[in-house]
Amino acid sequence: MAGCVARRALAVGSRWWSRSLTGARGPRPLCAAGGTGAFLPAATTTRRHLSSRNRPEGKVLETVGVFEVPKQNGKYETGQLFLHSVFGYRGVVLFPWQARLYDRDVASAAPEKAENPAGHGSKEVKGKTHTYYQVLIDARDCPHISQRSQTEAVTFLANHDDSRALYAIPGLDYVSHEDILPYTSTDQVPIQHELFERFLLYDQTKAPPFVARETLRAWQEKNHPWLELSDVHRETTENIRVTVIPFYMGMREAQNSHVYWWRYCIRLENLDSDVVQLRERHWRIFSLSGTLETVRGRGVVGREPVLSKEQPAFQYSSHVSLQASSGHMWGTFRFERPDGSHFDVRIPPFSLESNKDEKTPPSGLHW
């Protein structure tokens with residue numbers, strides 16, 4: 001089907017088409033392989049649109065929606081359908097977060113300071129407000145992005161009496177405003193996720209036609225301390241951009257001491273056309289209690305991802321615990337070039353701060 005984008009092609013290498021999309025005028029059909037989505041009226045085929053370079057063999061493309069012009073100003077509303085411009089999955093916006101973005105690439109030039117637990121030899125960076133969104137990922141797309149982005153990355157501390165230390169909500173993600181490629185659909189349930197109909201209600205009189213149920217508002221309010229995204233840290237070294245988002249998870253008592261937990265989400269992006277592979281990680285973790293720990297290891301979360309022009313990004317989450325209510329982390333990732341040479345990419349330093357007003361982490365999905 002000319003003029004459509006294959007679902008699988010979107011999931012594994014979206015940079016080439018997303019650039020064309022953001023510069024286009026007017027809506028175009030969005031298509032998917034494998035019999036998903038709803039067909040659009042034939043009249044839409046006269047609009048400008050994109051075609052897949054590698055449609056999966058034997059798959060039939062079906063229209064699932066029409067692209068809208070991305071917003072340069074303002075926020076997307078609850079219920080907005082979108083395509084992720086980097087990882088290519090379909091999703092829906094639940095609600096926005098206003099974060100402080102500390103971008104070291106645009107920081108004013110300043111003399112480097114001597115390394116210390118608070119500064120780590122880095123220049124002063126002023127944060128600016130940036131919008132992120134809490135979103136649901138379409139379950140049909142999870143198999144196609146699992147090698148590039150974890151689909152169970154949003155984790156919580158389990159109950160004290162639970163044998164599990166952590167639990168995750170599958171298909172929950174945080175997406176930056178510029179990664180949203182909005183589209184519309186005539187399907188009343190366009191996203192397959194177990195929470196979609198629990199959180200959102202179809203209302204054809206609204207735009208977008210999906211409004212928040214009371215269940216979503218209550219869930220957001222009760223879990224706000226553990227979902228909240230407040231700080232984002234970004235730095236680029238040799239065309240490899242590292243973005244870090246820390247989250248406080250809560251405190252647990254263990255062996256007559258308090259243990260504070262955080263998760264952190266990291267996205268690695270290759271802004272160049274050269275292929276590189278992540279080989280090692282080197283972390284330094286400073287605790288307010290006065291300890292400084294060094295962690296070295298192969299790859300991240302058991303993987304050594306390759307970043308290429310076709311698959312430029314990799315995203316993962318991990319966890320850290322301290323016996324103090326705050327601390328700092330920083331470090332480097334070691335990458336390898338095709339000729340065997342190596343180079344180190346800086347991980348921007350970030351704070352680990354606890355929410356002292358909240359003593360009890362969530363115990364499951366609070367409704």
Side-chain angles (χ1 to χ4, degrees), residues 76 78 82 84 86-87 89-99 130-159 162 164-177 179-180 191-196 198-200 212 215-233 243-252 260-268 300-303 313-321 329 350 352-355 358 360-367:
Y76 294 106
T78 294
F82 71 91
H84 196 295
V86 175
F87 297 111
Y89 64 73
R90 287 164 289 182
V92 62
V93 170
L94 295 181
F95 44 82
W97 293 109
Q98 292 301 308
H130 194 75
T131 303
Y132 274 73
Y133 300 94
Q134 196 85 67
V135 307
L136 296 180
I137 303 173
D138 193 308
R140 294 167 293 187
D141 298 335
C142 288
H144 305 306
I145 66 171
S146 60
Q147 295 302 309
R148 313 303 300 175
S149 178
Q150 295 171 319
T151 57
E152 296 188 2
V154 181
T155 53
F156 300 86
L157 289 180
N159 289 330
D162 196 320
R164 302 170 299 170
L166 303 169
Y167 70 91
I169 301 178
L172 192 64
D173 200 4
Y174 295 83
V175 180
S176 178
H177 182 86
D179 288 339
I180 296 284
I191 301 298
Q192 289 190 9
H193 191 287
E194 61 178 350
L195 297 177
F196 183 85
R198 185 174 289 185
F199 281 169
L200 299 168
T215 309
L216 174 58
R217 287 188 285 266
W219 182 76
Q220 178 186 3
E221 180 179 354
K222 291 180 180 179
N223 293 280
H224 182 279
W226 324 110
L227 292 170
E228 182 179 14
L229 183 159
S230 58
D231 295 337
V232 180
H233 304 265
T243 303
V244 184
I245 308 177
F247 299 86
Y248 177 59
M249 299 179 67
M251 180 269 292
R252 284 285 185 261
Y260 297 82
W261 284 83
W262 291 263
R263 71 176 183 273
Y264 54 91
C265 177
I266 291 185
R267 187 159 101 180
L268 306 170
V300 291
V301 292
R303 300 181 187 179
F314 180 80
Q315 182 170 292
Y316 76 97
S317 287
S318 190
H319 305 85
V320 62
S321 62
M329 289 180 65
F350 57 96
L352 302 171
E353 301 291 346
S354 62
N355 187 341
E358 299 291 340
T360 307
S363 55
L365 285 177
H366 284 280
W367 304 113

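Treat the numbers as computed from the prediction; the structure is a model and nothing was measured.
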Minimum heavy-atom distance between [X] and [Y], given as atom pair plus value:
{"X": "Trp262", "Y": "Glu353", "value": "NE1-O, 3.0 Å"}
{"X": "Thr78", "Y": "Leu94", "value": "OG1-O, 2.7 Å"}
{"X": "Ile137", "Y": "Cys142", "value": "CG2-SG, 4.0 Å"}
{"X": "Ala212", "Y": "Arg217", "value": "O-NH1, 3.2 Å"}
{"X": "Val232", "Y": "Ala99", "value": "CG2-CB, 4.0 Å"}
{"X": "Arg148", "Y": "Arg303", "value": "N-NH1, 4.4 Å"}

Not counting sequence neighbours, which residues clear side chain to side chain contact (heavy atoms under 4.5 Å, CB included) with [X]? List them please.
{"X": "Thr155", "answer": "Ala168, Met249, Arg263, His319"}
{"X": "His177", "answer": "Lys71, Tyr76, Thr131, Tyr133"}
{"X": "Ala139", "answer": "none"}
{"X": "Ser176", "answer": "His130, Tyr132, Glu178, Asp179"}

Fill in: Stepwise side-chain contact (heavy atoms from CB on, under 4.5 Å) test for His84 and Val175
CA-CA 8 Å; His84 196 295; Val175 180; 3.9 Å; yes
Practice prompt. Please identify each residue that fulfils ring pair (Phe, Tyr, Trp, His ring centres under 6.0 Å) with His193, with sequence neighbours left out.
Written response: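 Applying ring pair (Phe, Tyr, Trp, His ring centres under 6.0 Å) to His193 gives none.
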Please tell me if the side chains of [X] and [Y] come closer than 4.5 Å, counting only heavy atoms from C-beta onward.
{"X": "Ile169", "Y": "Phe156", "result": "yes"}
{"X": "His233", "Y": "Thr243", "result": "no"}
{"X": "Asp141", "Y": "Phe87", "result": "no"}
{"X": "Leu195", "Y": "Leu136", "result": "yes"}
{"X": "Tyr264", "Y": "Phe247", "result": "no"}

Discussion item. Walk me through whether Leu200 and Val92 qualify under side-chain contact (heavy atoms from CB on, under 4.5 Å).
Written reply: CA-CA 10 Å; Leu200 299 168; Val92 62; 3.7 Å; yes
Practice prompt. Show your working on side-chain contact (heavy atoms from CB on, under 4.5 Å) between Met329 and Val320 and close with a plain yes or no.
Written response: CA-CA 10 Å; Met329 289 180 65; Val320 62; 3.7 Å; yes
Which value, rounded to the nearest 0.5 Å, describes the distance between [X] atom [atom1] and [Y] atom [atom2]?
{"X": "Phe196", "Y": "Asp138", "atom1": "CZ", "atom2": "CG", "value": "9.5 Å"}
{"X": "Lys222", "Y": "Leu227", "atom1": "NZ", "atom2": "CG", "value": "13.5 Å"}
{"X": "Phe314", "Y": "Gln147", "atom1": "CZ", "atom2": "CD", "value": "8.0 Å"}
{"X": "Phe350", "Y": "Ile245", "atom1": "CZ", "atom2": "CD1", "value": "11.0 Å"}
{"X": "Phe82", "Y": "Ile180", "atom1": "CZ", "atom2": "CD1", "value": "4.0 Å"}
{"X": "Ser149", "Y": "Tyr316", "atom1": "OG", "atom2": "OH", "value": "12.5 Å"}

Fill in: Check: Ser317 main-chain N/O paired with Gln150 side-chain donor or acceptor under 3.5 Å
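Indeed, once roles are kept as given, a pair shorter than 3.5 Å links the two residues.
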Discussion item. Strictly distance-based, threshold 3.5 Å: is any side-chain N or O of Thr151 a donor or acceptor partner for the main-chain N or O of Ser146?
Written reply: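 Absent.
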Worksheet item: For Gln134, what residues pass the side chain to side chain donor-acceptor pair (under 3.5 Å) criterion, not counting sequence neighbours?
Response: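 With sequence neighbours excluded, Gln134 shows a side chain to side chain donor-acceptor pair (under 3.5 Å) to Trp97, Tyr174, given in chain and number order.
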Practice prompt. Please step through side-chain contact (heavy atoms from CB on, under 4.5 Å) for the pair Tyr260 and Tyr248, ending with a clear verdict.
Written response: CA-CA 8 Å; Tyr260 297 82; Tyr248 177 59; 3.5 Å; yes
